[in-house]
Structures are given as structure tokens and as C-alpha cells.
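Have a look at the structure below before the remarks.
The model shown is predicted, which means the values in this text are computed figures rather than measured ones.
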Amino acid sequence: CNFDFDERRMIDFALPDLDGKIVSIRDFDADLILLDFWGSWCAPCRTSIPHLKELQEQYGGKKLQVVSLAYEQSKPADRTAKLKEVVQSLGINYPVLVRGYQEECPVFDALQIQFLPTMILLDREGRILRREQGATETTLSRIDKAIEENLDGSAKAYARRAPIGRTKKR
């Protein structure tokens with residue numbers, strides 16, 4: 001995990017996905033990234049998943065990419081299989097990265113995650129735009145508002161920064 005505390009910016013992090021492949025935050029080419037810290041055992045966490053699926057469907061991964069960071073309580077040998085079942089049963093349509101709940105995690109520490117679920121909205125440069133704890137109608141609507149405001153703003157800022165015919169590389 002590489003986090004710049006002065007700029008409140010996630011430079012990079014890497015965690016395994018459900019297949020054991022190491023995935024970096026830099027692998028996602030989206031204007032905004034919504035990190036969802038959750039656990040399959042956490043009832044409030046599961047209530048936000050239908051909303052996150054809708055966001056992923058609506059924005060298609062280019063404007064917004066939802067990325068799940070699942071902190072699981074099960075034993076390491078059982079963790080991935082159990083989580084794959086949960087992901088399939090819930091129909092999660094976005095990447096799920098995995099970490100054990102009691103395992104040390106620099107991403108968890110850098111972003112000061114104290115409660116699950118926690119959602120953190122990042123811009124293309126990794127700057128924190130919004131942070132919400134809990135999965136209530138209020139927190140989800142605040143995330144929606146931040147996404148819409150920043151998509152409008154990022155599109156305008158991106159148009160000013162990027163010459164025509166060139167895309168910004170990560």
C-alpha cells in the first residue's frame with residue numbers, strides 16, 4: 001500500500017482477487033473508483049450491495065469502477081471458496097479483493113477503516129473525494145451525490161487537461 005497522507009491520496013495498493021491474482025488499484029481505468037470495505041458476515045454491508053451493483057451497471061466501469069475489499073472472518077483455507085459462494089449468490093458484478101479480517105492490511109490502516117461497511121470514493125489520481133460509513137439510505141444517497149458531482153467535474157477537468165485524441169495514462 002502506498003498512500004500519501006499529506007495529499008490524502010492513494011497512490012497504489014495490491015490485494016488478491018477471488019482467483020488469487022494480485023490486483024492493483026492502477027489496474028482500473030476509471031474516472032472514479034468506489035472502494036467498498038465490507039465483510040460477507042456483516043448484515044449492513046450486504047444491504048448496500050444491490051445499490052453498488054446498480055452503480056456498476058449504470059456507469060459501466062469507465063466512468064466509475066466499484067471495487068470491493070472483503071474482510072473475511074473465515075479460516076484462510078475456507079475463505080475464498082466461501083466468499084465465491086457469497087459473491088455468486090448476491091450477483092456481485094464488480095471486482096472483489098480479499099483479505100482476512102484479523103490479518104494486518106496496510107490499505108485498511110492507511111484509509112483508517114474503523115467500521116464496516118465503509119465506502120471511499122477516489123478520483124483518477126487516487127485523491128479521496130468522499131468517505132461514508134454505514135449502509136443507510138442517507139449514506140448511499142451522499143455517495144450518489146458525490147459521484148454525480150465529481151463525474152461532472154472530472155469530465156470538465158479531464159477535457160481541459162487531455163489533448164484531443166490522447167487519453168490519460170495511469
Side-chain angles (χ1 to χ4, degrees), residues 1-15 17 23-71 86-87 90-99 101 105-162 167-170:
C1 176
N2 186 356
F3 185 81
D4 184 325
F5 286 95
D6 293 332
E7 292 186 17
R8 290 181 36 130
R9 187 168 79 92
M10 177 59 67
I11 297 166
D12 196 14
F13 73 79
L15 289 171
D17 67 8
V23 177
S24 166
I25 191 76
R26 294 178 179 259
D27 293 339
F28 302 106
D29 182 23
D31 293 331
L32 300 174
I33 296 175
L34 180 58
L35 301 177
D36 176 40
F37 294 84
W38 71 294
S40 63
W41 46 269
C42 167
C45 298
R46 292 172 84 136
T47 64
S48 66
I49 290 173
H51 188 80
L52 297 174
K53 288 172 30 182
E54 287 177 22
L55 288 173
Q56 185 64 34
E57 286 175 19
Q58 180 179 355
Y59 294 107
K62 192 65 177 165
K63 291 182 179 182
L64 171 75
Q65 177 64 58
V66 178
V67 179
S68 168
L69 288 89
Y71 287 87
V86 170
V87 167
L90 295 173
I92 293 176
N93 60 350
Y94 45 85
V96 176
L97 308 181
V98 186
R99 182 54 109 203
Y101 190 71
C105 182
V107 178
F108 200 90
D109 295 339
L111 294 173
Q112 300 173 350
I113 305 301
Q114 298 174 352
F115 303 99
L116 296 179
T118 294
M119 290 170 272
I120 297 178
L121 184 64
L122 305 173
D123 70 6
R124 184 173 283 280
E125 305 304 321
R127 286 182 292 267
I128 297 173
L129 302 173
R130 185 80 189 178
R131 172 191 199 91
E132 291 292 335
Q133 295 176 338
T136 66
E137 193 173 309
T138 302
T139 59
L140 294 174
S141 69
R142 287 194 297 235
I143 283 290
D144 289 349
K145 184 177 179 185
I147 289 168
E148 295 209 8
E149 288 173 353
N150 285 287
L151 278 178
D152 289 344
S154 69
K156 291 173 190 167
Y158 185 73
R160 285 193 306 267
R161 284 195 316 259
T167 58
K168 184 167 172 116
K169 299 286 182 187
R170 287 173 134 280

Can Trp38 and Ile49 be said to form a side-chain contact (heavy atoms from CB on, under 4.5 Å), step by step? CA-CA 10 Å; Trp38 71 294; Ile49 290 173; 3.7 Å; yes

Step-by-step side-chain contact (heavy atoms from CB on, under 4.5 Å) determination, Asp36 to Ile120: CA-CA 7 Å; Asp36 176 40; Ile120 297 178; over 6 Å; no

Please assess Leu32 against Gln65 for the test side-chain contact (heavy atoms from CB on, under 4.5 Å), listing each intermediate value before the final yes or no. CA-CA 6 Å; Leu32 300 174; Gln65 177 64 58; over 6 Å; no

What verdict does the side-chain contact (heavy atoms from CB on, under 4.5 Å) test give for Leu34 and Tyr59, after you've listed the backbone C-alpha separation in whole Å, the side-chain angles of each residue and the deciding distance to 0.1 Å? CA-CA 12 Å; Leu34 180 58; Tyr59 294 107; over 6 Å; no

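The salt bridge (charged side-chain N to carboxylate O under 4.0 Å, His left out) with Asp31 is formed by just one residue from the set Lys62, Lys63, Arg124; it is Arg124.
Looking at heavy atoms from C-beta onward, Leu122 lies out of side-chain contact with Leu129 at the 4.5 angstrom threshold. Looking only at side-chain heavy atoms (C-beta outward), Leu35 and Phe13 come within less than 4.5 Å of each other. Phe28 has its side chain within reach of Pro95: a pair of non-hydrogen atoms, C-beta onward, lies under 4.5 Å apart. Side-chain contact check for Leu97 versus Tyr71: every heavy-atom pair is 4.5 Å or farther apart. Side-chain contact between Arg142 and Arg130: present, with at least one pair of heavy atoms (C-beta onward) separated by less than 4.5 Å. When side chains are defined from C-beta on, Val86 counts as touching Arg46, because their heavy atoms get closer than 4.5 Å. At a threshold of 4.5 Å between non-hydrogen side-chain atoms, the residues Leu52 and Tyr94 count as touching. Side-chain contact between Pro44 and Pro117: present, with at least one pair of heavy atoms (C-beta onward) separated by less than 4.5 Å.
The CG atom of Asp17 lies 11.5 Å from the OG atom of Ser68; values are rounded to the nearest 0.5 Å. The distance from the CD1 atom of Ile33 to the CG atom of Leu64 is 9.0 Å, given to the nearest 0.5 Å. Here the CG atom belonging to Leu140 is positioned 15.0 Å from the NZ atom belonging to Lys145, to the nearest 0.5 angstrom. Rounded to the nearest 0.5 Å, atoms OG (Ser141) and CD (Glu132) are 8.0 Å apart. For the atom pair Cys45 SG and Leu116 CG, the distance stands at 5.0 Å (nearest 0.5 Å).
For the pair Asp27 (side chain) and Ser24 (backbone), a donor-acceptor distance under 3.5 Å is present. A donor-acceptor pair under 3.5 Å links the side-chain atoms of Lys53 to the main chain of Leu90, judged by distance alone. Side-chain atoms of Thr139 come within 3.5 Å of backbone N or O of Gly134 as a donor-acceptor pair.
Residues forming a side chain to side chain donor-acceptor pair (under 3.5 Å) with Ser48 (at least two apart in sequence, or on another chain): none.
Here the closest non-hydrogen pair linking Asp144 and His51 is OD1-NE2, 2.7 Å. Annotation for Ala70 and Val96: closest pair CB-CG1, 4.1 Å, computed over non-hydrogen atoms.
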